Novice: 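Once you've had a glance at the structure underneath, I'll fire off some questions.
Everything numeric here is computed off the predicted structure, so don't read it as measured data. Just so it is clear: chains get the letters A, B, ... in the order the sequence lines come, proteins before strands, and each one is counted from 1.
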2 protein chains.
Amino acid sequence: MSTQTAAQRRVEAKTSYNAFMEGCPSRQLLDRISDKWVALILAALGSDGPHRPGVDHDYGPRSMRFSELSRRLAGASQKMLTQTLRSLEVDGLITRTVTPTVPVTVTYELTDLGLSLNRVMAELKGWAESHMGEVLAHREAHHRVAAED
Amino acid sequence: MSTQTAAQRRVEAKTSYNAFMEGCPSRQLLDRISDKWVALILAALGSDGPHRPGVDHDYGPRSMRFSELSRRLAGASQKMLTQTLRSLEVDGLITRTVTPTVPVTVTYELTDLGLSLNRVMAELKGWAESHMGEVLAHREAHHRVAAED
DNA sequence: CAGGATCCCGCTAGATACTG
DNA sequence: CAGTATCTAGCGGGATCCTG
């Protein structure tokens with residue numbers, strides 16, 4: 001009963017480890033914000049930009065229509081946009097408001113929770129802007145060494 | 001000359017958008033830390049845990065051998081471990097030291113850059129621990145609504 | 001001990017087409 | 001306008017085998 005114990009123990013360890021990973025709050029947060037469009041959507045809703053022609057006094061979290069988001073996040077398919085917005089709504093990070101006008105109007109807005117997350121994202125952005133240059137420099141240096149090898 | 005202009009403009013917008021994304025420091029950082037094992041490795045090297053049987057006075061960034069990392073990150077294949085460690089080294093976040101003993105000895109340690117990144121990760125961890133509960137609560141609530149629909 | 005080289009699979013982003 | 005549905009290709013990541 002000891003021939004396969006080694007392999008079994010590995011599997012067991014892996015299983016419990018995966019369970020730990022999935023339950024880890026940090027991991028869950030990383031999975032959430034590393035989503036390709038999440039950061040962009042949050043940033044867009046956050047207070048990012050000055051533009052809605054004719055309106056320049058909108059500070060703080062803004063509500064935006066689907067089409068406006070779609071325009072600002074050019075490059076995102078409607079599918080991904082919708083999908084990401086849904087998941088953010090489910091997670092309580094944004095609100096979705098449907099106004100039954102003739103062609104229906106849907107607006108999205110950050111919740112307080114979403115706003116607080118935005119602040120964390122800002123920290124990340126700060127580190128990125130001040131240190132990613134170093135990272136890229138290291139990367140290039142190593143590539144040069146590899147090239148002349 | 002206007003029949004395909006619409007489609008063309010979409011493609012163009014998408015291209016420039018992707019270029020922007022790839023060049024964006026925040027995006028690059030997110031891509032880096034959202035890597036499945038990066039956060040874990042950084043945390044492990046960071047100062048995480050009290051355990052190397054017999055040694056309890058190791059504070060600050062510790063250097064760890066490949067095998068020790070492998071043990072602490074049970075669940076990670078050697079391939080992913082090696083691959084991730086390499087990329088972190090290339091990015092200047094950790095150092096890799098080879099000591100030509102009989103069976104070769106390799107140790108990894110955080111650089112100052114890696115340490116500073118760790119602090120940002122700690123912020124993330126903080127938010128996660130204090131707010132992910134709310135997120136999960138929202139998620140469950142929505143699922144219940146969906147269930148009785 | 002610490003990795004390199006391969007093969008393979010599941011997941012998901014994206015394109016396309018359709019709808020209330 | 002704001003989605004939904006489906007299909008596919010690409011890639012991250014794991015298992016396995018081999019080496020200095």
Side-chain angles (χ1 to χ4, degrees), chain A residues 6-8 10-11 13-15 17-18 21-22 27 30-32 34-41 63-90 94-108 146 149, chain B residues 6-8 10-11 13-15 17-18 21-22 27 30-41 63-90 94-109 146 149:
Chain A
Q8 288 229 336
R10 288 203 52 175
V11 173
K14 200 147 301 189
T15 304
Y17 190 80
N18 288 338
M21 282 259 295
E22 283 154 24
R27 182 75 251 157
L30 276 174
D31 285 344
R32 203 87 213 58
S34 68
D35 212 83
K36 193 170 181 183
W37 304 107
V38 164
L40 283 306
I41 291 179
S63 66
M64 289 178 57
R65 301 187 54 176
F66 184 87
S67 50
E68 190 179 356
L69 272 170
S70 193
R71 242 170 288 126
R72 298 193 53 171
L73 297 178
S77 59
Q78 314 93 310
K79 179 194 167 186
M80 289 320 296
L81 208 51
T82 302
Q83 185 175 303
T84 309
L85 285 168
R86 293 292 189 199
S87 66
L88 289 176
E89 185 201 4
V90 167
I94 65 176
T95 59
R96 177 173 178 270
T97 313
V98 181
T99 311
T101 51
V102 183
V104 70
T105 302
V106 181
T107 60
Y108 295 92
D149 188 5
Chain B
Q8 287 229 338
R10 287 204 53 176
V11 172
K14 200 148 300 191
T15 303
Y17 190 79
N18 288 339
M21 283 260 294
E22 283 155 24
R27 182 74 252 158
L30 277 173
D31 285 344
R32 205 90 212 55
I33 64 179
S34 68
D35 212 82
K36 193 171 182 182
W37 303 107
V38 165
L40 284 306
I41 290 179
S63 65
M64 289 178 56
R65 301 187 54 177
F66 184 88
S67 50
E68 190 179 357
L69 272 170
S70 193
R71 242 170 288 126
R72 298 192 54 171
L73 296 178
S77 59
Q78 315 94 310
K79 177 194 168 187
M80 290 319 296
L81 209 50
T82 302
Q83 185 174 304
T84 309
L85 286 168
R86 293 294 188 195
S87 66
L88 289 176
E89 186 201 4
V90 167
I94 65 175
T95 60
R96 176 171 179 271
T97 312
V98 181
T99 310
T101 51
V102 182
V104 69
T105 302
V106 181
T107 59
Y108 296 92
E109 187 169 4
D149 188 8

Novice: What's the closest nucleotide to the side chain of A/Val104 if the choices are D/dG3, D/dC1, D/dG20?
Specialist: D/dC1
Novice: Measure from CG on A/Asp31 to C1' on C/dT12 and round the result to the nearest Å.
Specialist: 13 Å
Novice: Between B/Met64 (CE) and C/dC1 (P), how many Å, whole number?
Specialist: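 Taking atom P of C/dC1 as the reference, CE of B/Met64 is at 15 Å.
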Novice: Which sits closer to the 5' end of DNA chain D, A/Gln78 or B/Lys36, going by the nucleotide each is nearest to?
Specialist: A/Gln78
Novice: Can you tell me how far P of D/dG13 sits from CG of B/Leu81, to the nearest Å?
Specialist: 13 Å
Novice: Nearest to the side chain of A/Val106 - C/dC1, D/dG3, C/dA13?
Specialist: D/dG3
Novice: Roughly, in whole Å, what's the span from CE in B/Met80 to P in C/dG10?
Specialist: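 The answer, rounded to whole Å, is 18 Å.
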Novice: Find out whether A/Arg27 and B/Leu40 are in side-chain contact, i.e. whether some heavy atom of one side chain is under 4.5 Å from a heavy atom of the other.
Specialist: yes
Novice: Take the protein atom CG of B/Leu88 and the nucleotide atom C1' of C/dG3, then report the distance between them rounded to whole Å.
Specialist: 16 Å
Novice: If you assign A/Arg71 and B/Ala76 each to the DNA chain D nucleotide with the nearest heavy atom, which residue ends up on the more 5' nucleotide?
Specialist: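 First, find each residue's nearest nucleotide; the 5'-ward one identifies A/Arg71.
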Novice: Mind running side-chain contact (heavy atoms from CB on, under 4.5 Å) on B/Arg96 and B/Val98 for me, showing each step along the way?
Specialist: CA-CA 7 Å; B/Arg96 176 171 179 271; B/Val98 181; 3.7 Å; yes
Novice: Indicate whether OP1 or OP2 belonging to C/dA2 is found under 4.0 Å from a side-chain N or O atom of B/Arg86.
Specialist: no
Novice: When all nucleic acid strands are considered with a 4.0 Å heavy-atom cut-off, which category describes A/Gln83: base, sugar-phosphate, or nothing?
Specialist: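 Counting heavy atoms under 4.0 Å across all strands, the contact made by A/Gln83 is with sugar-phosphate only.
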Novice: Reckon A/Lys79 has a side-chain N or O less than 4.0 Å from the OP1 or OP2 of C/dT12?
Specialist: no
Novice: Over 60° means perpendicular and under 30° means parallel, so tell me whether A/Tyr17 and B/Trp37 are parallel, tilted or perpendicular.
Specialist: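 The arrangement is parallel - the two ring planes meet at less than 30°.
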Novice: For C/dG14 and A/Trp37 - does any side-chain N or O of the residue sit under 4.0 Å from the phosphate oxygens OP1/OP2?
Specialist: yes
Novice: Has A/Arg65 got a side-chain N or O lying under 4.0 Å from the OP1 or OP2 atom of D/dA2?
Specialist: yes
Novice: Check whether any side-chain heavy atom of B/Leu85 sits under 4.5 Å from a side-chain heavy atom of B/Leu69, and report yes or no.
Specialist: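 Result yes, sub-4.5 Å side-chain heavy-atom pair found.
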Novice: Hey, is the side chain of B/Ser67 poking within less than 4.0 Å of OP1 or OP2 on C/dA2, counting only N and O atoms?
Specialist: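 Yes, such a contact exists.
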Novice: Give me the bend of the helix from C/dC1-D/dG20 to C/dG20-D/dC1, using the axes of the five pairs at each end, rounded to 10°.
Specialist: 50°
Novice: Would you say that A/Gln83 contacts A/Arg86 through its side chain, given a criterion of any heavy-atom pair below 4.5 Å between the two side chains?
Specialist: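 No - every pair of side-chain heavy atoms lies 4.5 Å or more apart.
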Novice: Roughly, in whole Å, what's the span from CG in A/Leu69 to P in D/dG3?
Specialist: 10 Å
Novice: What is the distance, rounded to the nearest whole Å, between atom CG of A/Leu73 and atom C1' of C/dG14?
Specialist: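 Whole-Å distance recorded here is 15 Å.
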Novice: In the structure I gave you, are the side-chain heavy atoms of A/Thr99 and A/Thr107 within less than 4.5 Å of one another anywhere?
Specialist: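 No, side chains not in contact.
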Novice: Round to a whole Å and report the spacing from CG of B/Asn18 to C1' of D/dG10.
Specialist: 15 Å
Novice: Under 4.0 Å between a side-chain N or O of A/Tyr17 and OP1 or OP2 of D/dG14?
Specialist: no
Novice: For A/Ser34 and A/Leu30, indicate whether the former's side chain and the latter's backbone hold a donor-acceptor pair under 3.5 Å.
Specialist: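 Flag set: sc A/Ser34 to bb A/Leu30 pair under 3.5 Å.
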Novice: With side-chain contact (heavy atoms from CB on, under 4.5 Å) as the test, would you mind laying out the steps for B/Arg32 and B/Val38 before giving the verdict?
Specialist: CA-CA 7 Å; B/Arg32 205 90 212 55; B/Val38 165; 3.9 Å; yes
